[in-house]
Amino acid sequence: MLSKFENDVVIVLAGEAGQGIQSIEGILSLLLKRSGYNYFSTSEFMSRVRGGVNSTEIRISSQEVNGFRNRIDILIPLSDKSVDHLKSRLTDQTLVIGEKDKTTYKKSIEVPFSDIAKEIGNKIFSNTVAAGFICGLLNVELQLCKDFIAEYFASKKQDIIDKNIIAISKGHKIGKDLEQIKITIDKSKKIQKHLLLTGAEAVSLGALAGGCNFVCAYPMSPATSVLENMASYSKDNDIIVEQVEDEIGVINMTLGAWYAGARAMATTSGGGFALMSEGISLCAMIESPLVMHIAQRPGPATGLPTRTEQGDLNLVLYAGHGDFPRIILAPGTLEEAFYQSRNAFNMSAKYQMPVFILTDQFFVDSKYNIENFDLDNFEIEESIVKTNPDYQRFAFTKDGLSPRGIPNHGKGLVCVDSDEHDESGHITEDFDIRVKMVDKRKHKLKLVEKDITPPKLIGKENYKTLVICWGSTFNTLKEALEELENEDISLLHFSWIYPLHKDTFDYLNKADKTIIVENNSSGQMAQLIRSTTGFAIDEEILKYNGLPFSVEELKQKITNLINKEKK
Amino acid sequence: MLSKFENDVVIVLAGEAGQGIQSIEGILSLLLKRSGYNYFSTSEFMSRVRGGVNSTEIRISSQEVNGFRNRIDILIPLSDKSVDHLKSRLTDQTLVIGEKDKTTYKKSIEVPFSDIAKEIGNKIFSNTVAAGFICGLLNVELQLCKDFIAEYFASKKQDIIDKNIIAISKGHKIGKDLEQIKITIDKSKKIQKHLLLTGAEAVSLGALAGGCNFVCAYPMSPATSVLENMASYSKDNDIIVEQVEDEIGVINMTLGAWYAGARAMATTSGGGFALMSEGISLCAMIESPLVMHIAQRPGPATGLPTRTEQGDLNLVLYAGHGDFPRIILAPGTLEEAFYQSRNAFNMSAKYQMPVFILTDQFFVDSKYNIENFDLDNFEIEESIVKTNPDYQRFAFTKDGLSPRGIPNHGKGLVCVDSDEHDESGHITEDFDIRVKMVDKRKHKLKLVEKDITPPKLIGKENYKTLVICWGSTFNTLKEALEELENEDISLLHFSWIYPLHKDTFDYLNKADKTIIVENNSSGQMAQLIRSTTGFAIDEEILKYNGLPFSVEELKQKITNLINKEKK
Amino acid sequence: MNNKFDIKNNSDIAWCPGCGNFLIRKEIMSVLEELKLSPQELVLVSGIGQAAKMPQYVNSNFFNGLHGRGLPPATAIKAANPQLTVLAFGGDGDMYGEGGNHLLHTSRRNPDITLFVHDNMIYGLTKGQASPTTNFGFETPVQNFGVFERPLNPIALAISLEITFVARVFCGHPEQTQEIMKKAINHKGFALVDIFQPCVSFNKINTHKWFEENTYYLKEDYDPTDRDKAFKKAYETMPFPLGVIYKNDGRKTFEENLHIYQKNDTPLVKRSTNLSNIKNEINKKI
Amino acid sequence: MNNKFDIKNNSDIAWCPGCGNFLIRKEIMSVLEELKLSPQELVLVSGIGQAAKMPQYVNSNFFNGLHGRGLPPATAIKAANPQLTVLAFGGDGDMYGEGGNHLLHTSRRNPDITLFVHDNMIYGLTKGQASPTTNFGFETPVQNFGVFERPLNPIALAISLEITFVARVFCGHPEQTQEIMKKAINHKGFALVDIFQPCVSFNKINTHKWFEENTYYLKEDYDPTDRDKAFKKAYETMPFPLGVIYKNDGRKTFEENLHIYQKNDTPLVKRSTNLSNIKNEINKKI
Ligand SMILES: Cc1ncc(C[n+]2csc(CCOP(=O)(O)OP(=O)(O)O)c2C)c(N)n1
Ligand SMILES: Cc1ncc(C[n+]2csc(CCOP(=O)(O)OP(=O)(O)O)c2C)c(N)n1
Ligand code: SF4
Ligand code: SF4
Ligand SMILES: [Mg+2]
Ligand SMILES: [Mg+2]
C-alpha cells in the first residue's frame with residue numbers, strides 16, 4: 001500500500017538519550033533547509049544523559065508552518081521503547097520505519113540501519129544512514145548530501161569522513177528507492193538563503209546584535225544553551241562569559257558589569273531566577289539596566305527539569321521586595337526573539353530597569369527557518385554620559401531619567417547604593433527624598449508606554465471569539481486557528497507582557513467570547529490581564545503536563561468551547 | 001498657662017540612638033499599664049546604633065485607642081536635634097519639657113534631668129529621672145514606682161538600685177508638683193491584669209502556643225525581635241533556635257525540621273524572604289508545612305531598613321517558581337497576631353502548605369495592653385500519622401490530603417523529592433501523574449476556603465463608603481473613622497489576605513465608593529482584589545515615605561476624598 | 001544483590017551505563033547493611049544532580065531537596081531527631097559550588113551527619129560544564145577557552161574548616177571505599193568523604209583509568225590527627241592520596257550542644273508541648 | 001584631615017563614637033592618598049553592615065550593594081574595566097556569613113581586587129548577634145546559651161583557598177595597618193585583609209584592649225610564601241599573629257586570563273561592537 005504525504009510530513013525520531021537523535025536531526029536540519037525545504041523541529045527529552053526515551057519531531061512542509069503536531073506520519077524508532085512511548089500519537093496512517101525488532105507496529109517498514117552501518121565498518125554510522133534515508137525519501141540531491149557530510153565531519157579523520165559519505169549514500173538510496181512512500185513537498189530557493197535557528201540561538205544572536213558583551217550564568221536547563229551560544233560567539237567577539245558559583249553571584253555580577261559600563265545579560269530558568277529575587281530588587285534600587293533571559297520549565301522546585309511550561313510569569317512579574325518597575329517580553333517567533341533580545345539592551349540602558357525575556361523549553365529547543373535579519377536602522381545607543389565634577393547618578397531631571405555615568409569616564413563620581421539614597425547616591429533617611437525617589441522609579445514605567453509593542457492580531461478585526469495567548473504558544477495556535485477556518489475567531493498574541501499595552505482592554509471587550517491559552521495550570525496571564533484591566537477572560541485552555549500544546553489538541557479544545565457556547 | 005490633657009495624651013521621647021529612649025519607654029510602659037492606664041507606644045528610628053534622632057510615641061488614654069497619632073502633646077527631647085526632627089508634629093498646644101538648651105520651643109518647661117541625675121551620682125540616672133517625671137505627671141503611685149524599679153534593676157548592685165529609686169522619686173516629685181500641666185485620664189483595674197505586648201511578642205507567643213519548637217532565622221530588621229523572643233522562650237520550653245548562615249539555609253533547614261517532625265518557623269524581612277523564593281517552591285513541591293513570619297520594611301533592596309511599609313505583599317503572593325498554593329495572613333491587632341500565629345501551625349500542618357504571617361516594622365515595634373489570651377478550646381493537632389510498610393507520602397486520597405508521616409515513626413518510609421514525583425515520592429516523568437499531582441496541590445486551596453477568616457467590618461452594614469485596609473493599618477484607621485463620626489463610612493479590614501474570602505466582592509460592590517488604604521506605593525492589595533474579583537477600587541490612599549499612617553492624616557485624606565465626590 | 005537497601009525497580013536507574021555512581025551505590029548499600037541500620041531509621045538527604053539522585057535508588061527515607069541545599073535540611077533533621085542516621089549526598093557542583101556556603105557553616109556546627117560528595121570534576125546532569133573541581137585547562141561548551149579558575153581543593157578546605165573527619169576515596173576501589181564509608185558513618189560529628197567518581201559521558205580526562213593511575217593510599221602509619229601533615233597531604237596531587245586524611249575526635253556535635261538535649265535526650269519530635277510553660281511565658285507580659 | 005578622599009560632611013558618619021571603623025577609614029584614606037590614586041579611578045564595593053558603609057564615607061566611586069554580595073560585582077567591575085582600582089569592604093557577617101560562597105569562588109578566580117573585612121566578631125548593624133567569627137561562649141540575645149559553633153578561621157580558610165595575599169591587622173595600629181593595606185592594594189591578584197576591629201557597642205569582650213593584648217606581629221624573617229608555616233600561624237590564637245601571613249605571587253589574575261584581554265588590553269567598556277563580526281555570526285546559521 002502506498003503512503004502519500006502532501007505538503008506536510010511529520011517525521012519523528014525516537015530513542016534513548018545518547019543514541020544520536022540529536023546528531024541525526026543536526027544533519028537533517030541543515031541538509032533539508034539547504035535543499036530548500038521549510039523545516040521545523042522540536043524535541044522532548046527526559047532528565048537523564050543516557051537511556052530513557054526521547055523524541056524529536058521534524059516537520060517538512062510546503063508552507064512555513066511551525067506549530068507542534070501531535071500526529072506522526074513517519075516514526076523512526078531507535079530503541080525498543082520508542083513506539084510505546086509515542087503510542088498516543090500514532091494513527092492508522094503512521095508508518096514506522098526502522099530495524100526489525102523495532103518495527104512491530106501495524107504499518108511498518110524494515111530498514112536495517114545498524115546492519116548497513118556495520119557493513120560499512122561500525123554501528124555508529126547508523127545515524128548517518130538514517131539521515132541519508134530520510135534525505136532519500138525527500139529526494140534531497142545526493143551530491144548535496146555528500147558535500148554536506150564532508151563539511152560536517154571536516155574535523156574528523158579522512159577514513160571517518162569517507163565512511164560517513166558511504167553511509168549517507170546507502171541510506172539515501174534506500175529512501176529514494178522505497179516505493180511504499182510518496183512525499184510531495186514544495187521546495188524554494190528562497191529558503192536556501194534562510195537562517196535556520198533554534199529559539200535559544202535567536203535569543204543569543206539578538207543579544208549579540210544588541211551589544212551584549214558580558215554574560216553571567218549558572219548552568220540550568222533549559223537556559224544553558226543561551227550561555228553556550230554566547231560562549232561560542234566569544235571566540236570572535238569581545239564578550240566576557242563567566243560561569244558563576246551560584247545564581248546570586250550571577251545577578252550581582254551582572255549588575256556590577258553594567259555599573260562599570262558593560263552590557264550584560266544573564267540566562268537562567270525559574271529556580272535559578274527565584275534565587276535572584278533579591279538581586280532584582282537591587283537592580284531596581286540602583287536603577288541599573290539588566291537583561292535577563294528566563295527559559296521556563298515546569299515547577300515548582302526541580303519539577304520536570306527538561307520539559308516545558310509557562311509557569312513563571314507571576315514570579316518574573318513580582319520577584320524582588322518592594323515596588324518597582326520592570327519590562328517583560330515573551331517572544332512568540334524566532335524573529336521576535338531576535339529583535340526583542342536585541343532591543344532589550346537599548347531599552348534597558350535607556351530606562352535603567354530590568355528587561356526580562358521569558359521563553360520556555362519548547363521555545364528554546366524548537367528550530368525552524370526564517371528570513372535573514374534586518375540589521376539596518378538599528379544602532380547600539382550610547383546611553384552612557386561623560387560625567388562632570390558635580391555629577392549625580394540619581395539626579396532628578398525633567399524627563400525623569402537620570403543620565404547614567406560609569407566610573408572613570410569624566411570627572412564625576414558614580415555612587416550607587418542599595419539603601420534609599422539622595423541624588424548623589426548616598427544613604428538618606430529624608431522622607432521627602434524617599435518619596436521623590438520612589439516616584440521617579442515608578443514614573444519610568446510611564447515613559448516605557450510609548451515603546452510597548454502592541455499585541456498582534458491574527459484574523460479579522462471584527463471577530464466574535466478572541467483567542468489570547470502569549471510567548472511560545474503562538475505558532476501552534478496560529479496554525480490551529482488557520483485550520484479551523486472560522487472567520488469569527490481571531491488570535492491575539494502578546495509578545496510584550498508587562499507593562500500591558502493600553503489597547504488590551506478594548507481588544508478583549510470587543511469579543512463576544514474570549515479564550516486564553518496558557519501552558520500552565522493557573523492562567524497567570526489571565527490574572528495579569530484581570531488585575532490590570534479588570535477584564536475576566538471567559539475560558540481558559542491550560543496545559544501543564546510538561547508538554548507543549550499541539551495543533552490538533554488546540555483545534556479540538558477550541559472547537560469544544562465554541563460548540564459548548566452554541567448549545 | 002495651664003495645659004490640660006483629657007482622656008488622651010501623646011508623649012514623645014526623642015533623642016539619639018543609644019541615649020536610652022528605649023529604657024525610659026521600657027520602664028514607663030510597665031509602670032503605666034500596671035497602674036491601670038491604657039498604654040500604647042510605637043517607635044521610629046534610624047538605621048544606626050548611636051547618634052541620629054529617634055523617637056518613641058507614648059499614648060495614655062481612657063479608651064483603648066491604639067492608633068498612631070501625629071499630634072504631640074508633650075515632647076521630651078533628649079538631644080539637640082530632637083525638636084527639629086519632629087517639628088512637623090508640634091502644635092501650638094505642644095509642651096516641650098526637658099533640659100534648658102533643648103527647650104527653646106515656644107511652650108517649654110525646663111526640667112534638668114541630667115543635673116538631677118548628676119546630683120544623685122551619675123548622668124546615667126537621668127533616664128530614670130525622666131521616667132519618674134512622667135509617672136509624676138500621671139499621678140502614678142510613688143510606691144508602685146519604687147517597687148517596680150527595685151524589681152526592674154534587681155540584677156544590678158544594691159547601690160545602683162538605690163540610686164535609681166532616688167532618681168525615680170525625684171523625677172516623680174517634679175512631675176507631680178508641676179502646676180502648668182493637668183492630665184486627666186481614666187485608669188482601670190482590669191488593665192492591670194492585661195498583657196502588655198509588642199507586635200513581635202504577640203507573633204512569638206502565638207507561635208509558642210501553636211507548638212512551634214524549631215526556629216531558624218538570619219538576623220534582619222525588623223524581624224529579628226521575633227527570633228530573639230523565641231530564643232528567650234527556649235530557656236524554659238523545648239525549642240531549638242538556630243541562627244543560620246544565610247536565608248537560603250534558613251528556609252531549607254526549616255523544611256528539614258518539618259520533615260523530621262518538628263514544628264518550625266522562620267522569621268525574616270522582604271530582602272531575606274526574596275532569597276528564600278526557591279525554597280518556598282520546594283516547600284510547595286514536597287507539600288511541607290511551613291510557618292514564616294515576614295516583617296516588612298521599605299524596599300526595594302536595602303531601602304530604609306528600620307522603617308515601615310506594606311510593600312512585600314506581591315512578593316509573598318508570588319515568590320517561588322511554578323504554580324502552587326499558599327496562605328497569607330496579616331494581623332491588624334495584637335490579638336489577631338497571637339491567634340493567627342498560633343493557628344498557623346495547625347493549619348500549615350493540616351494543609352501541608354506554607355503559611356505566611358505578614359507584619360511590618362510599625363506593627364512589630366508597636367506595643368499596647370490587651371486582655372489575656374484564651375488558651376482553651378485549642379489543641380495542637382497531631383497531624384502526623386504512624387506509617388505502614390506501604391506508606392506513600394504523596395498518596396492520592398479522597399479528601400485530597402496525603403497523610404503526613406515522619407521518618408522512623410511507623411514501618412513505612414518517608415520520601416520527598418523536589419522533582420515531580422509519584423505517590424511514593426520518587427521522581428517521575430509520567431505525564432498523567434504530573435497532572436494529578438499539580439491538581440492535588442492546587443486543590444488544597446479549595447480545602448482551605450472553609451477556614452478563611454472573613455474580613456472584619458467595622459461600622460454599619462449599609463455603608464455608602466467603604467474604606468478597605470489590611471494588616472497593620474487597622475487600629476489607626478479605625479480610630480480615624482471613629483473620629484470622623486460619619487455613619488455612611490464603614491471599614492473593612494483583611495487579616496486573611498490570601499486566598500481572599502469569597503464575600504470580598506459583595507462587600508465592595510455594595511458600596512457607592514471604595515477607598516483602600518495601603519502603606520505602599522502601588523496598592524498591592526487593590527491589585528490582588530482586582531485580579532481575584534475584577535473589582536476596581538475607586539480611590540487609593542497610599543503612603544510610602546517609611547512612616548506609618550497617623551490618625552490625623554487619614555481623617556484628612558478620607559475627608560478630602562469624600563468632599564471631592566460631593567463636588 | 002540481596003540487600004534490604006536495594007530498590008525493587010533497580011533496572012530503572014537514570015545514570016549512564018558505566019557511571020561511577022553505580023559503584024558508589026553498591027558500596028553504600030553494602031555498608032548500610034553491614035552497619036545493621038534499618039531503612040526506617042536512615043534518612044538520605046541530597047540536593048540536585050546525578051549524585052544527588054542517590055537517595056532515589058536506596059530503600060530508605062529520603063529528602064531529595066534543591067540543588068546545593070542538602071546540608072541545611074540534613075542538619076535540621078538530625079537536630080530534630082538525633083536517633084536518625086543522616087547521610088547527605090551531593091555532587092561537586094552541588095556541594096562545593098551552589099552549596100558552598102552551607103559547607104562552611106555546617107562544619108562550624110559539626111552535626112553528626114556524613115556527607116558524601118561524588119566528585120566527578122564536572123557538572124554531569126546539566127551536560128558537561130566545569131564544576132569547582134574541574135581541572136585547569138579542561139574545555140567545555142561554556143569554558144571554551146579551557147578552565148582557568150583554580151580548582152577548589154575540597155580536602156584542604158575541609159581541613160581548614162576543621163571538619164572532624166575528612167577522607168577521600170575512589171569509587172573504583174570498593175573494598176577501601178566501603179571501609180572508609182563505614183568509618184565516616186561511625187564517626188561522631190560531621191564527616192566529609194570526597195569520592196573520586198568517573199563521569200563516563202562528560203569527563204573524558206578524569207576517567208576510571210586516570211583515577212586509578214593518579215591515586216595512592218595513605219600508609220598505615222599516617223596519622224590523620226596531625227593537622228599540619230594533613231594539610232601537606234591535601235595539596236598532594238598526581239598522585240592524590242586516598243584514605244582518611246584528617247580526623248579530629250572529641251569535638252561536641254551540634255545536637256549535643258543544643259540546650260534541649262543537655263539534660264534529656266528524647267528527640268525533640270517526640271516531646272509534647274507543655275501548656276503551663278506557655279502560660280507562664282505569656283503571663284510574664286502582665 | 002586634608003585628604004582628597006575625605007567627604008564634605010564627615011561629621012555625619014553613622015558609626016558609634018569610638019568605633020574601630022573610624023580608624024579603618026582614616027587608615028584607608030591615608031593609604032589611598034599615598035598611593036596617588038584618584039577618586040575617579042577608584043571603585044569601592046561593599047555589601048551591607050556597619051563595615052559595608054565605608055564606601056559612603058570615602059570620596060570615590062562606589063557600589064554599595066546587598067548584604068553578603070560585595071565580591072561578585074567587584075569582580076565584574078574589575079573585569080569590565082581593569083584600569084579601575086577596585087576595593088571591597090565588608091563585615092565578618094557580610095563576607096564570611098551571608099557571602100561565604102562568593103569568597104570561596106572569588107579566590108578561585110583571583111581577580112586583582114582587595115578585600116577588607118572589618119572583623120569585629122559580631123553583627124554590628126543588626127545589634128549584636130553572633131557572627132561567624134564570634135568567640136566560643138559569647139552570649140547574645142539570640143545565642144542566649146552562648147555561641148557553641150566553632151568560630152570560622154578566616155585566615156586558615158583563605159590559605160586553604162590559596163588566596164594570593166592573606167593578611168591580618170588590628171586597626172588600633174595605624175602605622176602597621178597602613179603598611180599592610182598598601183601592600184594588599186599593590187598586590188596583583190585577590191588580596192584579603194582581615195582587620196580586627198572593636199565594636200564598642202556590642203562586643204564587650206573583644207575590645208580595643210583585648211586586641212591589643214592578644215595580638216603580636218610576625219617577625220621580619222617570617223616567610224609568608226611558605227604555605228605550611230602559614231597554616232601553622234593561621235591557627236595561632238591568644239596571641240593572634242598580625243601581618244602578611246600568606247602570599248602567593250605570580251598567579252595570573254582573572255582579568256589576565258580572560259580571552260578578550262589576551263591580545264588587547266583595552267578595557268571591555270571602551271570597545272565598541274563590531275557589526276561585521278555580528279553579521280558573520282548570524283550568517284553561520286544559513
Ligand atoms: C538553583 C539551580 N541551579 C541550577 C540547577 C541545574 N543543575 C542541576 S544539577 C546541576 C549540577 C550538577 O553537577 P554536580 O552537582 O557536580 O552533580 P553531578 O550531576 O555531576 O553528579 C545543575 C547546575 C538547578 N537544578 N537548580
Ligand atoms: C539578605 C539580608 N539579610 C540580612 C540583612 C540584615 N543585616 C544587615 S547588616 C547584617 C550583619 C552585619 O554584620 P557584619 O556583616 O559583621 O557587619 P558589621 O555591622 O558588624 O560591620 C545583617 C544580618 C540584610 N541587610 N540583608
Ligand atoms: S552524566 Fe556522568 S555522572 Fe551523570 S550519570 Fe552519566 S556518567 Fe554518571
Ligand atoms: S555597632 Fe559596633 S561596629 Fe557598628 S558602628 Fe557601632 S561600634 Fe561600630
Ligand atoms: Mg559533578
Ligand atoms: Mg561584624
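Chain letters run A, B, ... following the sequence lines, proteins first and then strands; every chain starts at 1.
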| query | Distance from Leu315(A) atom CG to Ile280(B) atom CD1, nearest 0.5 Å? | reply | 12.0 Å

| query | Will you find, in the side chains of Tyr544(A) and Asp439(B), an N or O donor that is under 3.5 Å from an N or O acceptor? | reply | yes

| request: Heavy-atom distances under 4.5 Å only: say whether Ile248(B) touches chain A with side chain, backbone, both or neither. | output: side chain

| Parallel, tilted or perpendicular: which fits the ring planes of Phe431(A) and His85(B), with parallel below 30° and perpendicular above 60°? | tilted

| request: With a 4.5 Å cut-off on heavy-atom pairs, point out which of Cys283(B), Ser47(B), Ala274(B) contacts chain A the most. | output: Ala274(B)

| task | Output the distance between atom CE (Met285(B)) and atom OG1 (Thr302(A)), rounded to the nearest 0.5 Å. | result | 7.5 Å

| request: Answer with side chain, backbone, both or neither: which region of Arg297(A) has an atom nearer than 4.5 Å to a non-hydrogen atom of chain B? | output: neither

| Under 4.5 Å between any side-chain heavy atoms of Tyr318(B) and Gln527(A), yes or no? | yes

| field | Contact leader toward chain A among Arg530(B), Glu247(B), Met276(B), where contacts are heavy-atom pairs under 4.5 Å | value | Arg530(B)

| request: May I ask you to test the Pro298(B)-Glu420(A) pair for a side-chain heavy-atom distance under 4.5 Å? | output: no

| Arg441(B), part contacting chain A, at a heavy-atom distance under 4.5 Å | side chain

| note | Between Ser531(B) and Ser531(A), the two heavy atoms sitting closest are CB-CB, 3.1 Å

| chain B contacts, top residue of Leu528(A), Ile529(A), Asp417(A), Thr533(A) (heavy-atom pairs, under 4.5 Å) | Thr533(A)

| request: Select one option (side chain, backbone, both, neither) describing which atoms of Gln310(A) are under 4.5 Å from chain B's heavy atoms. | output: neither

| Does a side-chain heavy-atom distance below 4.5 Å link Asp419(A) with Pro305(B)? | yes

| field | Gap between atom CD of Glu429(B) and atom CG of Leu304(A) - 0.5 Å precision | value | 6.0 Å

| request: Output the distance between atom OG (Ser522(B)) and atom NZ (Lys442(A)), rounded to the nearest 0.5 Å. | output: 6.0 Å

| Interface residue of largest heavy-atom contact number with chain A, from Ala319(B), Gly299(B), Gly534(B), Gly303(B), under 4.5 Å | Gly303(B)

| request: Look at atom NZ of Lys81(B) and say whether more than 12 heavy atoms of other residues, nucleotides or ligands are closer to it than 6.0 Å. | output: no

| query | If you round to the nearest 0.5 Å, how far is CG of Leu317(B) from CG of Leu317(A)? | reply | 12.0 Å

| query | CG/Asn545(B) to NZ/Lys436(A) distance, rounded to the nearest 0.5 angstrom? | reply | 14.5 Å

| message | Please classify the contact of Thr428(B) with chain A as side chain, backbone, both or neither, using a heavy-atom distance under 4.5 Å. | response | backbone

| field | Leading residue by heavy atom contact count with chain B [cutoff under 4.5 Å; candidates Gly271(A), Gly320(A), Ser277(A), Ala284(A)] | value | Gly271(A)

| message | Between His321(A) and Pro300(B), is there a side-chain heavy-atom distance shorter than 4.5 Å? | response | no

| task | Report the option among Gly311(A), Ala536(A), Gly52(A), Gly322(A) that has the most heavy-atom pairs separated by less than 4.5 Å from atoms of chain B. | result | Gly322(A)

| Looking at Asp323(A), Asn314(A), Asp312(A), Ile286(A), which has the largest count of heavy-atom pairs under 4.5 Å with chain B? | Asp323(A)

